[in-house]
Amino acid sequence: MGPSSWFSILFITSIVAASKPCFPGCSCEIETFGLFDSFSLTKVDCSGVGSHIVPVSIPLDTSYLDLSSNKLEHVNDSVLSGPGYTTLVNLNLSYNQIVKISSTTFSKLRYLESLDLSHNRLEALPDHSFFFSPLVELDVSFNKLEEIKIGAFTSQNNGKAMNIDLSNNLISTLTRGSDYPLPNVRSLNLSGNRLRSVQGLQGIPLQSLNLDKNPISKIEEHNFLGLKSLTHLSLSNMPDLREIAPRSFSEIPSLLVLDLSNNPNLVSLSEEVFFGLRSLQELNLLNSGVESLPKDTIHHLPSMKSITWGTDIHCIKTMKEDQFHLQNGLVRREVLVCRNDRGAVSAQDVL
């Protein structure tokens, strides 16, 4: 057996799960990893036990703790401390009745990467709420948040990009204090809130932004200033949206996907709206009021591959052989071929 085969065996990772004694009402499952089960972590499930569960003692090697559905009203750093908590990577506090957290609530969870606070009654997130934890996934959806300060997501370990879900709250204001460094947020979901304008996002290294189901009536030219890394933008299901100003997307040249579907009062888009979107590949106008685009619009979208609009009309870019030329022979050109459920639809826009 050659050296390469030995290395392959050494790096084989196995996962073996087994139960072990646990706090009353909870279940503890130990998972072993690596060659000869040399490494182990424990998953503790205390969901649905009741509010008396905290503080709960957990094994020293706990990586995942589920405290969901326990009618918890208060969680602080003294509750989330002690043996076992220092190794937590994943903490689930969803479906409780938590109204408030402080800037120190999660301060002792130095390895925490995933935190679920969804379906609670949180009304505010203090500055530096998650400063001491290297979070990658944060879910604060379905709470009662009205105002968000970007400083709440600033971390001492901004090397890891965060995915944040703030959907289905009562957020009407998003602000950023000049004294706080920008958080490293990769994906931000703000759908289902009360935002009337796009604000407070300048300079955040976002790649994905969801603003669906907000009462925004107009997209302004400056709204996406400084979001040069943005590749996916969703502005769907906005019944109040009536206008998108020219050059509104000119500051997001990396945009690949733009969703403007289900906006019935958005009835027209000028050619200038798409200025600067040379990387755009997918445009969704399904169930919007926009039935067609200005004739030359598609010439400004050289990377466009797919457009969906009207009544189930889907257009895909394809190659077509043009008429024969004596000097050049058959000329091939890119055209936009459109179809609905009944067949081909006329498409005069040529790429």
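- Cluster annotation: Leu233 and Leu227 are assigned to the same hydrophobic cluster (Ile/Leu/Val/Met/Phe/Trp/Tyr, side-chain heavy-atom contacts under 4.5 Å, transitive).
- When all heavy atoms of Arg186 and Val136 are compared, the closest pair comes out as NH2-CG1, 4.4 Å.
- Both Val56 and Val79 are part of a single hydrophobic cluster, where members link through side-chain heavy atoms under 4.5 Å apart.
- For the residue pair Thr175 and Glu147, the shortest heavy atom distance occurs at OG1-OE2, 3.9 Å.
- Test Leu241, Asp240, Ile219 against Leu266 for side-chain contact (heavy atoms from CB on, under 4.5 Å) and you get one pass: Leu241.
- Side chains of Ser51 and Asn70: a donor-acceptor N/O pair is absent below 3.5 angstrom, by distance only.
- Using a cutoff of 4.0 Å between basic side-chain nitrogens and carboxylate oxygens, Lys218 and Glu243 are scored as salt-bridged.
- Closest approach of Asn143 and Leu117 over heavy atoms only: ND2-O, 3.0 Å.
- A salt bridge links Lys228 with Glu251: at least one charged nitrogen is closer than 4.0 Å to a carboxylate oxygen.
- Val49 and Val75 end up in the same hydrophobic cluster when Ile, Leu, Val, Met, Phe, Trp and Tyr side chains are linked at under 4.5 Å.
- The OH atom of Tyr95 sits 8.5 Å away from atom CG of Asp116, with the distance rounded to the nearest 0.5 Å.
- At a threshold of 4.5 Å between non-hydrogen side-chain atoms, the residues Ile244 and Phe249 count as touching.
- Atom NZ of Lys43 sits about 8.5 Å away from atom OG of Ser27, to the nearest 0.5 Å.
- With values rounded to the nearest 0.5 angstrom, Leu293 atom CG is found 8.5 Å from Leu301 atom CG.
- No side-chain donor-acceptor contact under 3.5 Å links Ser261 and Ser288.
- Side-chain polar atoms of Ser236 and Ser234 form no donor-acceptor pair below 3.5 angstrom.
- Side-chain atoms of Ser78 and Ser81 form no donor-acceptor pair, as typed in the model, at a separation below 3.5 Å.
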Q. Please walk me through it: do Phe142 and His119 pass ring-ring contact (aromatic ring centres under 6.0 Å, His included)?
A. CA-CA 5 Å; Phe142 292 94; His119 297 274; 4.4 Å; yes

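- Scanning both residues, Thr154 and His128, for their nearest heavy atoms gives CB-CD2, 4.1 Å.
- Defined by atom type and a distance below 3.5 Å, a donor-acceptor pair is missing between the side-chain atoms of His232 and Gln207.
- Taking CG from Leu135 and CE from Met162, the interatomic distance works out to 5.0 Å, rounded to the nearest 0.5 Å.
- Considering only heavy atoms from C-beta on, Phe132 stays 4.5 Å or farther from Phe106 through its side chain.
- Residues Leu88 and Leu72 share a single hydrophobic cluster, defined by chaining ILVMFWY side chains whose heavy atoms lie under 4.5 Å apart.
- Minimum interatomic distance between Thr42 and Cys28 (heavy atoms only, all atoms of both residues): CG2-CB, 4.1 Å.
- Pairing each heavy atom of Leu283 with each of Leu260, the nearest pair is CD1-CD1, 4.3 Å.
- One finds no salt bridge joining Glu221 and Arg247 here, because no Lys/Arg side-chain nitrogen approaches an Asp/Glu carboxylate oxygen to under 4.0 Å.
- Using a 4.0 Å cut-off between charged side-chain N and carboxylate O, Glu113 and Lys160 make a salt bridge.
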